[in-house]
Number of protein chains: 2
Amino acid sequence: MATSARQGPYFCGIDAAMDVVTGKWKSLILWELHEHGTRRFAELRRGLPGVSEKMLVQHLREMEEDGLVHREVYPVVPPKVEYSLTEHGVSLNTALESLAAWGTERMRRIGAKKVATDAA
Amino acid sequence: MATSARQGPYFCGIDAAMDVVTGKWKSLILWELHEHGTRRFAELRRGLPGVSEKMLVQHLREMEEDGLVHREVYPVVPPKVEYSLTEHGVSLNTALESLAAWGTERMRRIGAKKVATDAA
DNA sequence: TGCGGTACTCACCCCGAGGTGAGTGCCACC
DNA sequence: GGTGGCACTCACCTCGGGGTGAGTACCGCA
């Protein structure tokens with residue numbers, strides 16, 4: 001699976017970036033972390049309605065491998081793990097901002113609806 | 001399949017954009033068209049080593065539906081079809097540029113190789 | 001006493017993205 | 001006259017991305 005790797009030869013910068021962002025929830029996780037700074041596992045799960053725990057863990061692990069997110073484990077009695085963006089994650093998000101703007105424009109064009117979230 | 005649709009509710013602008021760009025070759029097609037302006041079917045196929053004809057046609061059709069590429073058919077004896085970016089395609093590509101830059105930087109970081117292409 | 005929350009792992013399954021290969025009609029070239 | 005190129009379409013198959021549901025060790029609260 002994606003345990004390690006994700007370094008295959010690329011055609012250009014775009015797919016090198018896409019490779020890291022591809023996955024049903026990756027970009028949304030990035031966005032959540034960007035919006036909230038630091039989030040616990042359960043907070044992320046609640047913030048992404050519809051995500052399965054397996055996928056969330058898996059994507060988080062991959063993004064950690066790719067150096068996008070930082071995982072801070074607190075060895076406390078009820079487990080506590082905090083996820084945050086690394087500098088690479090932050091810069092990726094910055095790079096995604098123009099894409100987000102384009103997507104927002106596209107949503108307006110085609111009249112797409114927004115998924116209701118408890119966020120914000 | 002993807003014949004029509006691709007207008008589902010989105011979480012934010014990012015996945016509205018990702019929805020249109022997701023597909024193994026979509027972003028590369030966008031890039032090819034951006035680099036060369038106008039390309040014929042067979043030129044695209046040669047420009048994307050490894051793409052299957054089926055996928056190329058399918059992606060091209062979807063991107064046409066999404067208003068990203070323009071398809072110009074010349075009713076000549078050996079079939080001739082030219083693909084080019086629409087204004088939406090061009091603006092999407094512009095939005096992808098910062099992502100491409102990030103990806104290029106990532107390639108340098110992890111020491112990823114580039115796929116050899118005949119493109120300049 | 002038992003339920004719910006925290007942060008997972010594991011096993012299993014399913015569907016669809018994507019690949020393969022053949023067929024098409026017409027032409028140019030060798 | 002046969003091959004190859006053009007721009008596809010169609011049928012078939014595979015594989016893995018992603019979903020479901022259960023299990024875990026420990027605690028707090030009702």
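These figures come from a predicted structure and were not determined experimentally. In what follows, every chain begins at residue 1, and chains take the letters A, B, ... in the order their sequences are listed.
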### Minimum-distance nucleotide to His59(B) side chain [options: dC8(D), dC8(C), dG18(C)]
dG18(C)
Check: protein-nucleotides 19-21 of chain C nitrogen or oxygen pairs below 3.5 Å:
{"residue": "dG19(C)", "atom": "OP1", "partner": "Lys24(B)", "partner atom": "NZ", "Å": "2.8"}
{"residue": "dG19(C)", "atom": "N7", "partner": "Lys54(B)", "partner atom": "NZ", "Å": "3.0"}
{"residue": "dG19(C)", "atom": "O6", "partner": "Lys54(B)", "partner atom": "NZ", "Å": "2.4"}

### Query
What's the NZ-P distance between Lys26(A) and dG17(D), to the nearest Å?
10 Å
### Task
Give a yes/no answer on whether the side chain of Arg46(A) brings an N or O atom under 4.0 Å of OP1 or OP2 in dT6(C).
yes
### Query
Rounded to whole angstrom units, what separation is found between the CG atom of Leu56(B) and the P atom of dG18(C)?
13 Å
### Task
Nearest whole angstrom, please: distance from the P of dG18(C) to the CG of Leu60(B).
14 Å
### Message
Would Arg45(B) and Trp25(B) count as a cation-pi pair here, with the cationic atom under 6.0 angstrom from the ring centre and within 45° of the axis?
### Response
no
### Query
Between the main-chain N or O of Leu30(B) and the side-chain N or O of Asn93(B), is there a donor-acceptor pair closer than 3.5 Å?
yes
### Message
When you compare the side chain of Phe41(A) with that of Leu56(A), does any pair of heavy atoms fall below 4.5 Å?
### Response
yes
### Query
Quick one: side-chain contact (heavy atoms from CB on, under 4.5 Å) partners of Thr86(B), sequence neighbours excluded?
His70(B), His88(B)
## Note on the structure
Within residues 73-80 of chain B, those residues having any heavy atom closer than 4.0 Å to DNA chain D are Pro79(B), Lys80(B)
### Message
Among residues at least two apart in sequence or on other chains, which ones pass side-chain contact (heavy atoms from CB on, under 4.5 Å) with Lys26(A)?
### Response
His59(A), Glu62(A), Met63(A)
### Query
Roughly, in whole Å, what's the span from CZ in Arg39(B) to C1' in dA7(D)?
16 Å
### Message
Suppose we screen for side-chain contact (heavy atoms from CB on, under 4.5 Å). Which residues come up paired with Val73(A), at least two apart in sequence or across chains?
### Response
Arg71(A), Val81(A)
### Task
Specify the separation, in whole Å, of atom CZ of Arg61(A) and atom P of dC10(C).
11 Å
### Task
Compare the minimum distances between each of dC6(D), dT6(C), dA7(D) and the side chain of Arg45(A), then state the nucleotide with the smallest one.
dT6(C)
### Side-chain donor or acceptor of Arg106(A) paired with backbone N/O of Ala16(B) under 3.5 Å
yes
### Query
Glu82(A) has an atom CD; how far is it from atom P of dA7(C), in whole Å?
9 Å
### Task
Write down the distance between CD1 (Ile29(B)) and C1' (dG18(C)), rounded to a whole number of angstrom.
13 Å
### Message
Is the phosphate of dC8(D) approached by Arg71(B) (side-chain N or O, under 4.0 Å from OP1 or OP2)?
### Response
yes
### Query
Any Lys/Arg nitrogen of Arg46(B) or Glu43(B) sitting under 4.0 Å from an Asp/Glu carboxylate oxygen of the other?
no
### Message
I'd like to check the side-chain contact (heavy atoms from CB on, under 4.5 Å) partners of Pro9(B); sequence neighbours left out, ordered by chain and number.
### Response
Lys113(A), Val115(A)
### Query
Looking at Arg40(B), does any N or O in its side chain come under 4.0 Å of the phosphate oxygens OP1/OP2 on dC8(D)?
no
### Gap between atoms CG and C1', on Leu28(A) and dG18(D) respectively (whole Å)
15 Å
